[in-house]
J.: 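After the structure tokens below, expect a handful of questions from me.
For the numbers below, each heavy atom of this structure counts, side chains included, while hydrogens, waters and symmetry mates do not. Letters go in sequence order (proteins before strands), and every chain restarts at 1. The structure presented is a predicted model; accordingly, all values stated were derived computationally and were not measured.
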Amino acid sequence: MPVFHTKTIEGILEPVAQQVERLVILHEEAEDGNAMPDLERPVQAVSSAVTNLIKVGKETINSSEDAILKQDMPVALHRVENASKLLVEASSMLKADPYSGPARKKLIEGARGILQGTSALLLCFDESEVRKIIRECRKVLDYLAVAEVIETMEDLVQFVKDLSPCLTKLSRDVDAREKDLTHQFHREILVRCLEQVKTLAPILICSMKMLIQIMVKRGKGEAEAAANRNYVEQRMTDEINEIIRVLQLTTYDEDEWD
Amino acid sequence: EMILEACKSIAAATSALVKAASAAQRELV
């Protein structure tokens with residue numbers, strides 16, 4: 001059962017999560033505990049890494065235009081910073097008394113805090129990346145909405161020129177996202193929807209071209225051709241809306257998994 | 001992304017710290 005919803009987050013947090021879990025178990029089993037070694041150097045290494053994260057995090061916040069990231073990321077950074085302070089306190093207490101029970105508790109609390117804060121930060125960043133992909137999806141949806149007012153070949157050529165790069169970017173981004181997800185069910189939906197979008201795109205252009213040709217020649221079947229174009233456009237819209245929905249899913253759904 | 005790299009560094013440093021802390025406890029269990 002995957003705990004982290006992307007392989008990127010899993011790769012960063014899973015090893016440290018296992019280590020912290022092991023420490024908690026050892027702490028519980030050893031009760032009074034052995035004398036703790038001097039942890040000043042490894043705690044200093046964590047503090048330096050946290051200081052760097054705070055710096056990088058603040059730069060990310062300042063350069064981002066994502067209002068939700070600007071609101072959520074400082075909270076996560078604060079959590080990591082507080083946890084780091086707990087580790088420094090624990091290290092200092094253990095130096096004075098290597099058997100100190102409260103120091104051990106503080107050490108575990110600090111390590112857990114680092115894990116939770118880093119997890120919150122990665123989630124916040126990940127959600128922001130997902131919102132970027134969704135913006136690309138919405139761009140395509142906006143172009144699809146224009147399909148119904150295209151009535152000349154010149155406009156159709158321009159429509160294809162505008163739509164193509166957006167579709168390419170959507171396809172590349174969703175494909176990369178799908179590969180990073182740990183939820184097999186969500187991955188399968190994204191693959192299916194993306195394939196549909198890729199298949200339907202040339203069919204849509206073809207249906208638009210046919211309609212324009214009928215309109216120019218004032219031939220029969222204009223209503224049917226328009227209905228066909230609208231049908232293909234609606235199907236593409238539905239597939240992209242489904243992609244948007246699945247991109248936003250992060251929680252593990254046991255029923256779906258089963 | 002720099003954020004991911006910074007988080008990787010924290011995870012590695014925290015892992016090393018927790019390993020060092022666990023080593024002493026493990027002797028007792």
J.: First locate atom OG1 of A:T51, then atom CD1 of B:I10, and finally report the distance between them rounded to the nearest 0.5 Å.
T.: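 If I round to the nearest 0.5 Å, the distance is 8.5 Å.
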
J.: More than 12 non-hydrogen atoms from neighbouring residues, nucleotides or ligands closer than 6.0 Å to NZ on A:K70, yes or no?
T.: yes

J.: Where does B:E5 contact chain A at under 4.5 Å (heavy atoms): side chain, backbone, both or neither?
T.: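 B:E5 has no heavy atom closer than 4.5 Å to chain A.
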
J.: Less than 4.5 Å to any heavy atom of chain B: does that hold for the side chain of A:I114, its backbone, both, or neither?
T.: side chain

J.: Grab the two heavy atoms, one from B:S15 and one from A:Q19, that are nearest each other, plus how far apart they are.
T.: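 Looking at all heavy atoms of both residues, the closest pair is OG-CG, 3.5 Å.
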
J.: For A:R112, look at atom CZ and say whether over 12 heavy atoms of other residues, nucleotides or ligands are found less than 6.0 Å away.
T.: no

J.: At their closest point, which heavy atom of A:P37 faces which heavy atom of B:A20, and how far apart are they?
T.: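 Taking every non-hydrogen atom into account, CG-O, 3.6 Å.
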
J.: Against chain B, label A:S84 side chain, backbone, both or neither, depending on which of its atoms sit under 4.5 Å from a heavy atom there.
T.: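 No part of A:S84 comes within 4.5 Å of chain B.
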
J.: Kindly compute the distance separating OG1 (B:T14) from CG (A:L115), expressed to the nearest 0.5 Å.
T.: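 So the gap between those two atoms works out to 8.0 Å.
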
J.: If you count heavy atoms of other groups shown closer than 6.0 angstrom to CD of A:E188, is the number above 12?
T.: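 Above 12, so yes.
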
J.: Could you report the tightest heavy-atom contact between B:A6 and A:L53, atom names first, then the distance?
T.: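 Scanning both residues, the minimum pair turns out to be CB-CD1, 3.6 Å.
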
J.: Where is the tightest heavy-atom contact between B:V18 and A:A111, given as atom of each residue plus distance?
T.: CG2-CB, 4.0 Å

J.: How about NZ on A:K7, more than 12 heavy atoms from neighbouring residues, nucleotides or ligands closer than 6.0 Å, or not?
T.: yes

J.: Distance from A:E129 atom CD to B:I3 atom CD1, nearest 0.5 Å?
T.: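 The distance works out to 10.0 Å.
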
J.: Please give me the minimum heavy-atom distance between A:L121 and B:C7, naming the atom from each residue.
T.: CD2-SG, 3.5 Å

J.: So which residue, A:V56, A:L107, A:L87, ends up with the most heavy-atom pairs under 4.5 Å with chain B?
T.: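 Greatest number of close heavy-atom pairs with chain B: A:V56.
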
J.: Against chain B, label A:E59 side chain, backbone, both or neither, depending on which of its atoms sit under 4.5 Å from a heavy atom there.
T.: side chain

J.: Out of A:L39, A:T118, A:N52, A:L13, return the one with the most heavy atom pairs under 4.5 angstrom to chain B.
T.: A:L39

J.: With rounding to the nearest 0.5 angstrom, report the NZ to OG1 distance, B:K8 to A:T8.
T.: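 The distance works out to 8.0 Å.
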
J.: Picking from B:S9, B:A12, B:A13, which has the most non-hydrogen pairs under 4.5 angstrom with chain A?
T.: B:A13

